[in-house]
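The basis for the numbers below is simple: all heavy atoms, side chains too, and nothing from hydrogens, waters or symmetry mates. Proteins get letters first, then strands, A, B, ... in listed order; numbering begins at 1 in each.
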Amino acid sequence: MTTQYWLVKSEPDTYAWDTFVRDGRTDWTGVRNYAARLHLKAMRPGDEVLYYHSNEGKAVVGIARVTKEAFPDRTADEDGWVAVELAPVAPLKKPVTLAAIKAEPALKDIALVRQGRLSVMPLKPVEFARIVKLGGRANL
DNA sequence: GCCAACGTTGGC
DNA sequence: GCCAACGTTGGC
C-alpha cells in the first residue's frame, strides 16, 4: 500500500495545531459531510495529512499522520459517521497561507481552492510535497 | 425526482 | 458582519 496524502481543516478556535501537538494524538471526529466521510474511510495508517487552520490563519501549519483507520464517531447522533486517529509529525517553519497556495499554478486545482467547504480532501503526492516545500519542514 | 428554501462553512 | 458556494431538506 503506497502512502496517500490528505488535507484536513480545523478552526484554531476549536482545535488548534498547538493543542494537537500537546495532546500527541487525537480522534478526528465531527465530520458530517458525505464527501468528507468518503475520504476519512479511505485513509490508512501511515498516510500523511496536512493540517490547515481555517477562518483564523487560513494557512497550512503542520504535518500529521494517520495512526488509526476509520472507526465509528461516537460524538455523532446518528450511526454511520466515522473518525480516524491522527498524530502530529512536524510543524511547518512558515505557515503556507491560502493566498500563497492560490498563487501557485501547480496548486490551482486542489479542493482547498476549488471546493471551499470541503473539510477533508485528498492531495496528489506532488501537491503535498509542494506545500511542504513552500513552508519548510521543521521539527516537533 | 425536481427544485426552492434553508443552513452551514469559510473567505473576505 | 456579510455573503457566496454548496450541501441538505422537504413540499409537491
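- Distances shown here put a side-chain N or O of A:Tyr52 below 4.0 Å from the OP1 or OP2 atom of B:dG11.
- For the contact set between residues 111-121 of chain A and DNA chain B, defined by any heavy atom under 4.0 Å, the members are A:Gly116, A:Arg117.
- The separation between A:Glu78 atom CD and C:dT8 atom P is 11 Å, rounded to whole Å.
- Between A:His39 atom NE2 and C:dG7 atom C1' there is a gap of 15 Å when expressed in whole angstrom units.
- A:Asp77 has its CG atom 16 Å from the C1' atom of C:dT8, to the nearest Å.
- With respect to the salt-bridge test (charged N to carboxylate O, under 4.0 angstrom), the residues A:Asp47 and A:Arg65 do not qualify.
- Residue A:Asp13 places its CG atom among more than 12 non-hydrogen atoms of other residues, nucleotides or ligands, all under 6.0 Å distant.
- Ring geometry for A:Tyr51 against A:Trp17 counts as perpendicular: the plane angle is over 60°, on a 0 to 90° scale with 30° as the lower cut.
- Nucleotide B:dG10 holds its P atom 10 Å from the CG atom of A:Asn33, rounded to whole Å.
- A:Lys58 has its NZ atom 12 Å from the P atom of B:dG10, to the nearest Å.
- Taking atom NZ of residue A:Lys9 and atom C1' of nucleotide C:dC6, one finds them 12 Å apart after rounding to whole Å.
- Contact annotation: A:Lys102 reaches the phosphate of B:dC12 (side-chain N/O to OP1 or OP2, under 4.0 Å).
- What separates CG of A:Leu98 from C1' of B:dT9 is a distance of 14 Å, to the nearest Å.
- Taking every heavy atom of both residues into account, A:Gln4 and A:Ala42 meet most closely at NE2-O, 3.0 Å.
- In this structure, CD1 of A:Ile101 is placed 14 Å from P of B:dG10, rounded to the nearest angstrom.
- Using a 4.0 Å cut-off between a side-chain N of Lys or Arg and a carboxylate O of Asp or Glu, A:Asp27 and A:Lys68 do not qualify as a salt bridge.
- A distance-only check finds no donor-acceptor pair linking the side chain of A:Glu48 to the backbone of A:Pro125 [under 3.5 Å].
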